[in-house]
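Because the structure is a prediction, the values reported are computed rather than measured.
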Amino acid sequence: MGGSSISTPLDFNKIVEDVEKTLSKYPLCDHCLGRLFAKYGVGLNNRERGSSLKTMLGFKLYDDYSSKRIGRDSLLALAENAGEPLTRMVEKLFAENVNPKTCFICGGRISNEWLDSVAETVYEKLKEASVTRFIVGVKLGRDLREKELQLLTETGFTRAESLKNEIRREVGKKVMAKYGLVPDFKKPEATAIVKLDENFNYRVELVITPVLLKGVYNKRGRNISHVPWLTKQGGRKYPLSIQEYLESRLADPFNAKKVKIHAAGREDVDARTLGPGRPLVIEIVKPLARSYDIEEVNKLIRSDLVEIRVHKPASRRDIELLKQTSREKRKVYRLLVVSSTPISEARLSELEAFFNDIAVQQRTPIRILTRKKDVLRVRKVYEVRTKPVSSTSFEALVYCDGGLYVKELVHCDQGRTNPCFASILNTELKPVELDVLHIEH
């Protein structure tokens with residue numbers, strides 16, 4: 001048996017009653033009245049919808065007045081709040097002029113001419129930034145927001161549209177129709193934000209979508225920071241940062257303000273990152289030139305000291321995933337460790353045997369307590385392999401969870417890391433070199 005859909009027929013009498021009730025209290029232009037009934041009908045804009053509703057109300061009011069269900073004063077008051085075509089009807093009936101009140105929401109300022117003006121300003125902003133794919137946003141002043149909320153709260157209408165949405169849609173349509181730019185809601189190059197005060201004075205701000213590039217990097221040298229590292233006196237602590245290096249290569253070709261980086265964690269500044277590299281996303285901020293070729297980008301950023309390889313475009317979701325999963329990705333470190341006393345190969349074998357799938361408790365290291373909270377974290381060490389270098393030094397390969405403070409795993413950090421190499425070997429140890437050999441991707 002076939003199914004049937006049941007829909008409730010429109011109650012036109014109720015709609016007209018709602019329009020009358022609303023206009024008896026608030027003066028509203030066609031746009032602002034039409035928005036209250038925006039989900040009725042199809043193919044109409046709010047101005048057309050509002051004008052039609054006022055015409056329907058005029059039919060009812062004329063019949064009510066003719067049948068003496070409404071008096072002259074009530075009819076005049078409604079005409080003052082509604083404007084055309086009720087003003088003409090009243091003038092015809094009573095042979096007197098009616099001065100319509102200004103719209104409670106917009107003051108009568110919304111019009112095709114006003115929307116054309118906003119659309120032209122939006123287009124000029126987009127043109128300056130060489131943007132072809134855009135969306136429109138609207139930000140209302142506090143007074144406008146409060147008026148709209150008051151009207152919606154008192155009427156209780158559930159099929160209304162917001163002022164923001166109407167302006168956003170109509171301006172977008174006009175930019176498309178007059179200037180040939182097509183709104184792109186999935187991958188806009190910029191958002192043109194129309195900011196309105198209570199008098200409908202407006203300004204347009206352009207928020208340019210950054211170019212995001214996904215890749216990996218290797219740090220072949222030591223003492224290279226992620227971002228510029230300045231001392232309290234304003235001097236440079238390290239001569240080079242990955243972010244500055246990328247900015248020096250990419251800011252001009254993209255005509256961008258600056259370049260930022262987002263990485264899956266970060267190694268210590270004195271550590272090298274070798275092997276397949278550490279995942280990162282490059283964010284090119286406010287680019288006025290957006291077209292690029294991945295191979296050309298890789299040529300621009302090619303270097304032996306900081307090796308960065310871009311694979312494909314990225315998204316904000318890629319950045320979120322980098323941050324969320326960096327602690328979950330296992331890593332392999334290589335350390336050169338110096339001991340205060342000689343260490344035999346047999347003792348190193350004991351160290352390897354102990355750190356086999358072991359949970360390590362670590363409080364925030366002393367060296368970073370000034371910038372991070374003192375918390376306790378637990379990370380696992382899955383395997384350790386050692387190789388003697390001299391009687392008082394050895395190399396260690398550590399396979400562990402992401403987020404393990406591997407230097408503190410060596411020297412115990414005054415007991416804040418437990419267990420550690422120094423506690424097992426019962427001697428003072430110092431990590432003098434650190435390399436990241438592998439990061440799970």
Side-chain angles (χ1 to χ4, degrees), residues 10-118 143-144 146-157 159-163 166-167 169-170 174 196-202:
L10 280 178
D11 186 342
F12 288 100
N13 290 332
K14 176 67 166 61
I15 291 174
V16 174
E17 286 174 7
D18 287 340
V19 171
E20 182 178 358
K21 183 178 177 182
T22 303
L23 288 175
S24 66
K25 184 167 185 180
Y26 293 101
L28 295 172
C29 68
D30 292 347
H31 280 274
C32 294
L33 177 65
R35 268 199 319 279
L36 295 175
F37 300 84
K39 294 182 182 177
Y40 290 98
V42 66
L44 299 173
N45 60 38
N46 287 327
R47 181 189 60 79
E48 293 167 332
R49 188 175 285 108
S51 177
S52 299
L53 290 169
K54 289 178 181 179
T55 300
M56 291 168 62
L57 176 61
F59 296 159
K60 174 184 182 297
L61 292 178
Y62 180 71
D63 185 61
D64 286 347
Y65 180 73
S66 301
S67 303
K68 303 190 183 317
R69 289 191 294 272
I70 187 172
R72 178 178 178 279
D73 290 345
S74 296
L75 195 56
L76 280 169
L78 279 163
E80 287 177 345
N81 282 355
E84 285 290 337
L86 269 66
T87 49
R88 270 186 290 135
M89 180 180 72
V90 168
E91 289 167 3
K92 186 77 172 173
L93 288 172
F94 307 129
E96 62 180 270
N97 292 329
V98 178
N99 294 317
K101 295 179 181 178
T102 58
C103 177
F104 172 71
I105 297 293
C106 75
R109 296 177 181 90
I110 299 182
S111 64
N112 275 329
E113 294 73 25
W114 184 83
L115 290 168
D116 284 340
S117 173
V118 177
D143 286 347
L144 270 179
E146 288 180 349
K147 283 182 178 179
E148 186 172 38
L149 180 61
Q150 177 183 334
L151 182 59
L152 289 173
T153 300
E154 289 196 21
T155 59
F157 295 157
R159 307 192 78 173
E161 178 184 37
S162 69
L163 176 60
E166 179 181 18
I167 295 172
R169 183 188 62 256
E170 294 301 323
K174 287 180 177 292
L196 287 175
D197 67 14
E198 62 182 270
N199 296 315
F200 268 63
N201 299 313
Y202 70 89

Would you say that Leu76 contacts Glu96 through its side chain, given a criterion of any heavy-atom pair below 4.5 Å between the two side chains?
yes
Indicate the atoms forming the closest heavy-atom contact of Glu148 with Leu163, along with that distance.
OE2-N, 2.6 Å
Minimal non-hydrogen separation, Leu78 against Leu23, with atom names
CD2-C, 3.8 Å
How many angstroms lie between atom CG of Leu33 and atom CZ of Phe104, to the nearest 0.5 angstrom?
14.0 Å
Under the side chain to side chain donor-acceptor pair (under 3.5 Å) definition, can you give me all pairs with a residue in residues 35-44, not counting sequence neighbours?
Arg35-Glu166
Between Lys14 and Asp18, is there a side-chain N and carboxylate O pair less than 4.0 Å apart?
yes
Rounded distance (nearest 0.5 Å) linking atom CZ of Arg109 with atom CG of Leu196
10.5 Å
Tell me if the NZ atom of Lys101 is crowded by more than 12 foreign heavy atoms within 6.0 Å.
no
Minimum heavy-atom distance Asn46-Ala38, with the two atoms named:
OD1-CB, 3.8 Å
Closest approach of Leu86 and Leu57, non-hydrogen atoms and distance?
CD2-CD2, 4.1 Å
Scan Lys54, Lys25, Lys60, Arg69 and name whichever one has a salt bridge (charged side-chain N to carboxylate O under 4.0 Å, His left out) with Glu20.
Lys60
Inter- and intrachain pairs under side chain to side chain donor-acceptor pair (under 3.5 Å), touching residues 77-88, at least two apart
Glu84-Thr87, Glu84-Arg88
Taking every heavy atom of Cys32 against every heavy atom of Ile110, the minimum-distance pair comes out as SG-CD1, 4.3 Å
OG of Ser117 to CG of Asn112, rounded to nearest 0.5 Å, is 12.5 Å
Between CE of Met89 and NZ of Lys92, what distance do you get to the nearest 0.5 Å?
13.0 Å
Could you verify whether a donor N or O on one side chain and an acceptor N or O on the other, from Glu170 and Asn45, lie under 3.5 Å apart?
no
Can any side-chain N or O of Ser52 pair as donor or acceptor with the backbone N or O of Glu48 at less than 3.5 Å?
yes
Mark yes or no for whether Ser51, through its side chain, and Arg47, through its backbone, hold a donor-acceptor pair below 3.5 Å.
no
Of the non-hydrogen atoms in Cys29 and Cys103, which two are nearest, and what is the gap between them?
N-SG, 3.4 Å
Please collect all ring pair (Phe, Tyr, Trp, His ring centres under 6.0 Å) contacts where either partner lies in residues 45-71, sequence neighbours excluded, each pair once.
Tyr65-Phe94
With the side chain counted from C-beta on, respond yes when Phe200 and Leu144 share a heavy-atom pair under 4.5 Å apart, and no when they do not.
yes
Look at the aromatic rings of Trp114 and Tyr202 and report parallel, tilted or perpendicular, splitting at 30° and 60°.
perpendicular
So Leu36 and Leu151, do their side chains get closer than 4.5 Å, heavy atoms only?
yes
Non-hydrogen side-chain atoms of Lys174 and Val118 separated by less than 4.5 Å
no
So do Thr102 and Pro27 actually touch side chain to side chain, heavy atoms under 4.5 Å?
no
